[in-house]
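Please read the structure below before turning to the comments.
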2 protein chains.
Amino acid sequence: MLPMKSRYALKALVFLARHQADGPVPVAGIANAEAIPTKFLEAILLELRNAGILTSRRGPTGGYQLRVEPKTVFLGDVIRNLSGPMAPLPCLSKSAYHRCAECVDEATCAVRLLMADVHAATLRIVDGTTLAELVARVDAAATGGAEGQSQRCRPAEGPANNDFDFID
Amino acid sequence: MLPMKSRYALKALVFLARHQADGPVPVAGIANAEAIPTKFLEAILLELRNAGILTSRRGPTGGYQLRVEPKTVFLGDVIRNLSGPMAPLPCLSKSAYHRCAECVDEATCAVRLLMADVHAATLRIVDGTTLAELVARVDAAATGGAEGQSQRCRPAEGPANNDFDFID
DNA sequence: GTTAAAACCTACTACGCCGGTAGGGATTTG
DNA sequence: CAAATCCCTACCGGCGTAGTAGGTTTTAAC
């Protein structure tokens, strides 16, 4: 499960990308629009600011706004900053690697071999998509309707087979 | 993070696939070989038996063994049986769907659009790989050494670009 | 038929993390 | 100065994870 922190952060960033021209937006404004607990969002935006993604201004007419262009914000970095590394196994994390206690031989660990692929696939998506691309995709989903649903952030690799119907 | 339950289960299944010819294997044997807490593994194997993947025999010379062929065991089902649905958002789960409370419009939810791709990519791997394929891959990693590392469970789709170096 | 090995079952628990809340302090505008 | 806003520290309840404890039942071997 993607933690609420990261979910709220992504929503707020999309919102801020939309309102780039409006100058600083106060926390309460975003919280109301996106149905996010205000105080919680406050802490989240602070972290995004410390991560260099947002700038803030205090006092009346203050608020938060994007510090950098949406096309330079990689969503993987957003998630990582707020919720830490997303490796499915400690031995697959580069930033927080540590050996699995129970692992007899890491090189031939079946779990690791499997999850390495999952991890790589996840990273390819979240680190291969920018905030700008995500906003564009939301727009496509809103205006395009059905055609927005089948659209992807990146052109699908290989044969475009959306024909799997797995359960979860 | 993949829960320990699923990790242990995968390890045990690989072990059992290797020892298919030996008849029933007692829990303690697997636990010792794979460095898994015996009582915990006991509960896990019981669940796998209830899921129809293993059979058991009681008494001396008893133990667990695979009920079905390794190539019919999909790893996604193993994880799902032990740790529940693996959707990154409740609104992406088919088996346990429920609407996100904070989501204003599901069809245009940015978080959902992004995570849907992640989810699909994950399912393609875990539901597209069988126990038999995983065993084969462990073998390749063990004997082949370096060439085993770059090998995938399935032929890579599209251009084989392993050239991303993301952090987590 | 006794012993022992194993599966099976129920209950309990310690710990950490997640998702907040509370309350105030600092800064800036009007 | 007043008010709006960001900023900071501290706290907390609930839940899930990763086990442990302690038995009962079945079955094979002697």
Side-chain angles (χ1 to χ4, degrees), chain A residues 1-12 16 22-32 34-51 53-65 67 79 82-86 88-90 96 100-102 111, chain B residues 1-12 16 22-32 34-51 53-65 67 79 82-86 88-90 96 100-102 111:
Chain A
M1 280 283 188
L2 188 71
M4 298 306 291
K5 257 193 178 184
S6 293
R7 294 190 217 176
Y8 291 154
L10 291 172
K11 280 172 180 263
L16 285 173
D22 303 5
V25 183
V27 175
I30 309 173
N32 285 336
E34 299 290 340
I36 301 171
T38 306
K39 288 295 273 182
F40 196 30
L41 182 58
E42 210 175 77
I44 292 166
L45 296 186
L46 206 51
E47 288 191 62
L48 290 174
R49 169 185 159 279
N50 292 336
I53 297 171
L54 300 180
T55 54
S56 59
R57 213 168 67 194
R58 284 159 115 159
T61 79
Y64 285 95
Q65 71 189 108
R67 172 175 209 147
I79 298 173
L82 285 163
S83 309
M86 46 194 139
L89 299 174
C100 300
E102 80 282 2
V111 184
Chain B
M1 278 285 188
L2 188 71
M4 298 305 292
K5 254 193 178 183
S6 292
R7 294 189 217 177
Y8 291 154
L10 291 173
K11 280 172 181 263
L16 284 173
D22 304 2
V25 182
V27 175
I30 308 172
N32 285 337
E34 299 290 339
I36 301 171
T38 307
K39 288 295 271 182
F40 196 31
L41 181 59
E42 209 175 77
I44 292 167
L45 295 186
L46 206 50
E47 287 191 62
L48 289 175
R49 170 185 159 279
N50 291 337
I53 298 171
L54 298 181
T55 54
S56 60
R57 212 168 67 194
R58 279 152 98 134
T61 77
Y64 286 95
Q65 70 188 111
R67 172 176 208 146
I79 297 173
L82 285 163
S83 309
M86 45 194 137
L89 298 173
C100 300
E102 81 281 3
V111 183

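Each chain gets a letter, A, B and so on, in the order its sequence line appears, and its residues count up from 1. From a predicted model like this one, the values you see are computed outputs, not experimental measurements.
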Summarise how protein sits on nucleotides 24-30 of chain D as a single string, 5' to 3': B when a protein heavy atom is under 4.0 Å from the base, S for sugar-phosphate-only contact, - for no contact. -BBBBS-
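Side-chain contact between B/Glu102 and A/Pro37 is absent, with no heavy-atom pair separated by less than 4.5 Å.
Scored by the side-chain hydrogen bond (donor to acceptor under 3.5 Å, both in side chains) test, B/Ser83 finds B/Ser6 as partners (sequence neighbours excluded). For A/Arg67, there are no side-chain hydrogen bond (donor to acceptor under 3.5 Å, both in side chains) partners at least two apart in sequence or on another chain. For B/Pro60, there are no side chain to side chain contact (heavy atoms under 4.5 Å, CB included) partners, not counting sequence neighbours. With sequence neighbours excluded, no residue forms a side chain to side chain contact (heavy atoms under 4.5 Å, CB included) with A/Ala43. By the ring pair (Phe, Tyr, Trp, His ring centres under 6.0 Å) test, A/Tyr64 pairs with no residue at all, sequence neighbours left out. Listed by chain and residue number, A/Lys11, A/Phe15, A/Ile30, A/Ile36 satisfy the side chain to side chain contact (heavy atoms under 4.5 Å, CB included) test with A/Glu34 (two or more places apart in sequence, or in another chain). Judged as a side-chain hydrogen bond (donor to acceptor under 3.5 Å, both in side chains), and not counting sequence neighbours, the contacts of A/Glu47 are A/Lys5. Listed by chain and residue number, B/Ser56 satisfy the side-chain hydrogen bond (donor to acceptor under 3.5 Å, both in side chains) test with B/Arg49 (two or more places apart in sequence, or in another chain). Not a single side chain to side chain contact (heavy atoms under 4.5 Å, CB included) links A/Pro26 to another residue, sequence neighbours left out.
To the nearest angstrom, P of C/dA7 lies 11 Å from CG of B/Leu16. A straight line from CZ of B/Arg7 to P of D/dT17 spans 12 Å, rounded to a whole angstrom. Taking atom NZ on A/Lys39 and atom P on C/dG24, their separation rounds to 11 Å, with Å as the unit. When the P atom of C/dC18 is taken as reference, atom CE of B/Met1 falls 11 Å away, rounded to whole Å. The separation between A/Leu2 atom CG and C/dC18 atom P is 11 Å, rounded to whole Å.
Across every non-hydrogen atom of A/Leu41 and A/Ala31, the tightest pair is CD2-N, 3.7 Å.
For A/Lys5 against C/dG20, a side-chain-to-base donor-acceptor contact under 3.5 Å is absent.
A residue-by-residue look at B/Thr38 and A/Val27 shows that A/Val27 has its nearest nucleotide of DNA chain D further toward the 5' end.
Residue B/Tyr8 places at least one side-chain N or O closer than 4.0 Å to OP1 or OP2 of D/dG19.
Only A/Glu42, A/Leu46, A/Arg49, listed by number, bring a heavy atom of residues 41-49 of chain A to less than 4.0 angstrom from any atom of DNA chain D.
End-to-end axis angle for the helix from C/dG1-D/dC30 to C/dG30-D/dC1, using five pairs per end and rounding to 10°, comes out at 10°.
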